[in-house]
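Below is one structure, written out as structure tokens; the observations come after it.
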Amino acid sequence: MMKIDSTAAASGNPVAEILEALMSKHRLTQTELAHRSGVSQPAINRILRERSKAKNPRQDTLEKLAAELGVTPDQLAGRKPISAHMLARGVVPVLSWEQLLPTDSPNDQDQGAWLACPVEHSDETFALPVLGEAMNGNDGYREGEILFVDPRVPAAHGKDVVVLHGETALFRRLVLTPEGRFLKTLNPNWPTPIMRLPDDAVVRGTVVFSGRLR
């Protein structure tokens, strides 16, 4: 896989090489990227095949591809710097809890920290620090411990999940019973050790690693 430094790509038309690197990072074939971005597979193939001889892709094509690959159109076109971390396979962004909450400007986040996830994971995986003591316990977590959260892993009974409900983000263990879905803390002294999972809550992802397999 090619490497791009934190400076812009070399002269010429760098779209093909940047696109190829990002597709490798996200483990996407041309067909998969076409399906997810709305850009036709022949158009993607043409960009990759013709390299520097190709005309610059249309702006709407750049926008669709960039949105799916997690960069800006200018970064995809080589007009603005793109961090090598954004191209490395196995590396995921470290988010703050505030970044999980709804925002009016989702594209205005400057992602600076990245970590390598040591287990298999999807391209949507992110890292998140543990806050508070609700999940302390014998099988629990320490405050500040880094969670690797994968939105593609099903939220099954007994799994530890990150849940969004309105303006609140929670980290709890999921409990599924015939009576309904519940969120449980691992700290036996927590004031509210178990609560029903609200119907309108969204499971943001499942913890797949935090220093040991989960």
Side-chain angles (χ1 to χ4, degrees), residues 1-95 99-100 106-128 146-154 162 204-211 213-214:
M1 182 182 73
M2 66 162 292
K3 294 182 179 179
I4 295 180
D5 201 351
S6 58
T7 56
S11 60
N13 182 356
V15 179
E17 293 194 24
I18 298 175
L19 178 60
E20 185 176 64
L22 288 168
M23 288 174 63
S24 176
K25 151 72 179 176
H26 294 293
R27 300 174 173 87
L28 289 173
T29 65
Q30 293 182 28
T31 301
E32 290 168 337
L33 180 58
H35 176 73
R36 292 169 60 165
S37 68
V39 176
S40 71
Q41 187 274 330
I44 294 172
N45 181 64
R46 186 162 54 250
I47 294 171
L48 295 172
R49 177 167 45 84
E50 296 182 357
R51 298 284 169 173
S52 60
K53 297 179 182 179
K55 296 179 180 178
N56 287 321
R58 297 185 313 183
Q59 184 63 23
D60 63 329
T61 297
L62 284 175
E63 290 173 355
K64 290 177 181 178
L65 292 173
E68 185 56 43
L69 295 168
V71 295
T72 68
D74 283 343
Q75 287 175 319
L76 182 56
R79 294 189 291 265
K80 286 192 175 181
I82 180 168
S83 169
H85 284 108
M86 298 181 72
L87 303 173
R89 291 186 66 168
V91 177
V92 303
V94 180
L95 303 184
Q99 286 176 289
L100 297 179
N107 295 322
D108 193 27
Q109 296 178 353
D110 182 17
Q111 183 56 57
W114 299 78
L115 286 175
C117 181
V119 299
E120 284 295 317
H121 59 279
S122 77
D123 59 290
E124 297 179 17
T125 301
F126 56 90
L128 193 69
I146 298 297
L147 309 173
F148 290 89
V149 183
D150 192 340
R152 295 280 187 88
V153 173
V162 173
R204 186 65 174 80
T206 299
V207 175
V208 292
F209 193 84
S210 66
L213 287 171
R214 289 279 171 181

Check whether more than 12 heavy atoms from other residues, nucleotides or ligands sit under 6.0 Å from atom CZ of Arg152, and answer yes or no.
->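 Yes, CZ of Arg152 has more than 12 neighbouring heavy atoms, counting only those of other groups under 6.0 Å.
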Considering all heavy atoms, the nearest [X]-[Y] contact:
X	Y	value
Ala16	Leu48	O-CD2, 3.6 Å
Ala127	Leu115	CB-CD1, 4.4 Å
Ala77	Pro14	O-CG, 3.2 Å
Asp123	Arg36	OD2-NH2, 3.4 Å
Ser40	Ala34	C-CB, 4.0 Å
Pro93	Thr125	CD-O, 3.6 Å

Working to the nearest 0.5 angstrom, can you tell me the gap between [X] [atom1] and [Y] [atom2]?
X	Y	atom1	atom2	answer
Leu28	Ser37	CG	OG	9.0 Å
Leu22	Gln75	CG	CD	9.0 Å
Thr61	Leu65	OG1	CG	6.5 Å

When you compare the side chain of [Y] with that of [X], does any pair of heavy atoms fall below 4.5 Å?
X	Y	answer
Leu128	Val94	no
Asp74	Leu62	no
Phe148	Ser210	no

Ignoring hydrogens and geometry, is there a side-chain-to-backbone donor-acceptor pair from His26 to Leu69 under 3.5 Å?
->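 Indeed, once roles are kept as given, a pair shorter than 3.5 Å links the two residues.
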By side chain to side chain donor-acceptor pair (under 3.5 Å), which residues pair with Thr31, not counting sequence neighbours?
->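 By the side chain to side chain donor-acceptor pair (under 3.5 Å) rule, Thr31 matches no residue at all.
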List in chain and number order the residues that pass side chain to side chain donor-acceptor pair (under 3.5 Å) with Gln41, two or more places apart in sequence or in another chain; answer none if no residue qualifies.
->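 Gln41 satisfies side chain to side chain donor-acceptor pair (under 3.5 Å) with Gln30 only.
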Worked check of side chain to side chain contact (heavy atoms under 4.5 Å, CB included) between Val149 and Thr206 = CA-CA 5 Å; Val149 183; Thr206 299; 5.8 Å; no
Take Phe126 and Arg204 through the side chain to side chain contact (heavy atoms under 4.5 Å, CB included) test and state the conclusion after the steps.
-> CA-CA 10 Å; Phe126 56 90; Arg204 186 65 174 80; 3.4 Å; yes
Met23 pairs by side-chain contact (heavy atoms from CB on, under 4.5 Å) with which of Thr29, Leu33, Ile18?
->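 It is Leu33, the one option of Thr29, Leu33, Ile18 that forms the side-chain contact (heavy atoms from CB on, under 4.5 Å) with Met23.
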If we ignore angles and hydrogens, is there a donor and acceptor under 3.5 Å between the side chains of Ser122 and Asp150?
->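 Yes, Asp150 and Ser122 have a side-chain donor paired with an acceptor closer than 3.5 Å.
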